[in-house]
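Inspection log for the structure reproduced underneath, given as structure tokens.
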2 protein chains.
Amino acid sequence: MNPARRIRDEIAASIQSGEWRPGDRVPTEQELAARYGCARATVSKALGELAASGLVERRRKAGTFVAHPPVHSAVMTVPDLAELIAARGEAYRWDLASIAAEDSGEALCPGPALRIEGVHMAAGEAFALERRVIALGEVPAAAEADFAKEAPGTWLLGHIPWTQARHVIRALTPTRREAALLGIGTGAACLELDRTTWRAGRVVTHVRQLFRGDRFDLVAEFNAGP
Amino acid sequence: MNPARRIRDEIAASIQSGEWRPGDRVPTEQELAARYGCARATVSKALGELAASGLVERRRKAGTFVAHPPVHSAVMTVPDLAELIAARGEAYRWDLASIAAEDSGEALCPGPALRIEGVHMAAGEAFALERRVIALGEVPAAAEADFAKEAPGTWLLGHIPWTQARHVIRALTPTRREAALLGIGTGAACLELDRTTWRAGRVVTHVRQLFRGDRFDLVAEFNAGP
DNA sequence: TGCGCCATTATGTCTAGACATAATATGAGG
DNA sequence: CCTCATATTATGTCTAGACATAATGGCGCA
């Protein structure tokens, strides 16, 4: 086993088992180098990785300490709906309802925008409503895309690399019109996912998806360490 | 500026701006070392950090490549309710409804468990219902804690370091009893958060929180790069 | 007592070189 | 033309040492 990996994993185990508690001091790089019989740079790399993963905190002169766990954070995976539904073994279909060019994308983006509405279908039934705005200034190619054939989310995934995003998730009851489109009663709860996507500080797209509460749930996981 | 940091940031900028597209080949360590006038180890560190953050992918012999963006992942912060409500400027209170020891924590954990129910209050009104099971085998100290005074989530934060967790989020309509406790109608949508927490592979606690849909939403962010 | 400066010290970063490892590309042989 | 062994090559890891940096604790001075 690599010395660096071994040091990293042994220290991570000591922390996760609770043997070393938050705030505890981790031995200095020199001590660890002597204990494991390796160079200090090797220990430094191992501790650097632990610090990057948030398990320890390093302060010059003070030393390395077991970090205090984050309040609660978790990595949520928001799948592409086409993939999600296919993975369930159901037939996926995107039904475009309307598409229109606008001069200004509802104050989200300054320039011209494309406004798209449609329904994601799973096994012939409505799965989620989607309302999307695409900033044409950031994605000129979107003007040429055929959003009747391919869902805009799927198309964007293949055309816009490396963006930042912010998601807001909430529960609400649908309007009469939304309930009709989803094929549910107005009293049924829905999960709303609001996502704004940036690239280089400028909004690329904004999407609101409304899911049937009985058909969809989000999963988020948190695993400390490397 | 550090050479390592400079290399890292310049490459990250090239990727995020879209100049280098997913799948593109990044110059070899030797080329970069020559270009930036530093040792290969320095370049290696920079590329290693980019790989750790998911921006590039490295394959032996093949080289370093711009990674394909993840489908959609985001870091969700699940705040401690006491903190969340205090941050809103509202008075927080925890109302314990019932607490009972069980022989087996509803098949989640094999040993004895503590079952707790209560309500998180904000500004005098119900904010969220909580039903929790704590594995006494993993957290013996919980038997001594006063959960009438302090919410179990808050108590656990201070007593159980470094765990793994899995969250499931969904929208639903409350039962009559739940609606009454939350002070809302049975037709109002609620956000349900189901969290199971492990430590060293064993379940520590399981909690179900039911939020008023009109009072709470979750936020998740995704920022690529270091 | 209290304030501010300074030596100490642990981490942060870097170098130049070495060897390990794994995957690709190449060439030999069938 | 296909297959398998081999040489090449880019990354992976490590070393021993050097200097940088910043925070802490203590010392000296007011």
Side-chain angles (χ1 to χ4, degrees), chain A residues 1-15 19-70 224-226, chain B residues 1-15 19-69 162 224-226:
Chain A
M1 177 65 90
N2 290 332
R5 201 175 299 269
R6 199 162 80 91
I7 297 171
R8 176 163 64 88
D9 292 350
E10 288 191 13
I11 292 178
S14 298
I15 293 173
E19 182 190 345
W20 295 0
R21 301 189 60 86
D24 281 3
R25 194 199 183 96
V26 173
T28 67
E29 293 187 348
Q30 290 204 9
E31 285 173 309
L32 289 170
R35 180 182 310 172
Y36 286 96
C38 64
R40 187 174 76 92
T42 306
V43 175
S44 188
K45 191 188 176 192
L47 291 180
E49 287 173 20
L50 288 171
S53 75
L55 223 51
V56 303
E57 197 182 328
R58 315 192 72 187
R59 293 205 306 277
R60 275 197 176 131
K61 152 73 185 172
T64 302
F65 301 86
V66 177
H68 290 270
Chain B
M1 178 67 88
N2 291 331
R5 199 174 299 270
R6 198 161 82 91
I7 297 170
R8 177 164 64 89
D9 292 349
E10 288 191 12
I11 292 178
S14 297
I15 294 173
E19 183 189 346
W20 296 0
R21 297 189 64 84
D24 281 3
R25 193 200 185 96
V26 173
T28 68
E29 294 187 347
Q30 289 204 11
E31 287 173 309
L32 288 170
R35 181 182 309 174
Y36 286 96
C38 65
R40 189 174 74 91
T42 305
V43 175
S44 188
K45 191 188 176 189
L47 291 180
E49 287 172 20
L50 288 171
S53 74
L55 223 52
V56 303
E57 198 181 327
R58 316 191 70 188
R59 292 203 307 278
R60 274 193 177 133
K61 153 73 185 171
T64 302
F65 301 87
V66 177
H68 290 270
W162 288 112

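Reminder, nothing fancy here: chain letters follow the sequence lines and each chain counts from 1. Predicted model, so just to flag it, every value in this text is computed and none were measured.
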Protein-nucleic acid N or O pairs under 3.5 Å, nucleotides 6-8 of chain C:
none

Query raised in the report: Can you tell me how far C1' of C:dA22 sits from CD of B:E57, to the nearest Å?
Result: 15 Å
Report task. Provide the closest heavy-atom pair for A:C38 versus A:V43 in the form atom of the first, atom of the second, distance. Result -> SG-CG2, 3.8 Å
Report task. Search all heavy atoms of A:R6 against all heavy atoms of A:Y36 and return the closest pair with its distance. Result -> NH2-CD2, 3.3 Å
Report task. Whole angstrom is fine here: how far is it from CZ in B:R60 over to C1' in C:dA25? Result -> 18 Å
Requested in this report: Compare every heavy atom of A:L50 with every heavy atom of A:A12, then report the nearest pair and how far apart it is.
Outcome: CB-CD2, 4.0 Å
**Report entry** Residue list, salt bridge (Lys or Arg N to Asp or Glu O under 4.0 Å) with B:E31, at least two apart or on another chain
**Finding:** none
Report task. Answer yes or no: is there a donor N or O on one side and an acceptor on the other, between the side chain of B:W162 and the main chain of A:A67, under 3.5 Å? Result -> yes
Requested in this report: Kindly state which residues belonging to residues 39-46 of chain B come within less than 4.0 angstrom of DNA chain D, counting heavy atoms of the residue only, listed by number.
Outcome: B:R40, B:S44
Requested in this report: Measure the CD-OG distance between B:E49 and B:S44 for me, rounded to the nearest 0.5 Å.
Outcome: 10.0 Å
**Report entry** Short side-chain N/O contact from B:R25 to OP1 or OP2 of D:dA10, under 4.0 Å
**Finding:** no
Query - Interatomic distance where CD belongs to A:E29 and P belongs to C:dC14 [whole Å] - result: 15 Å
List, one per line, each side-chain donor-acceptor pair under 3.5 Å for residues 54-64 of chain A, sequence neighbours excluded.
unit_1: A:R58; atom_1: NE; unit_2: A:T64; atom_2: OG1; d: 3.3
unit_1: A:R58; atom_1: NH2; unit_2: A:E29; atom_2: OE2; d: 2.4

**Report entry** Those residues that, when tested against B:T42, pass side chain to side chain donor-acceptor pair (under 3.5 Å) (two or more places apart)
**Finding:** none
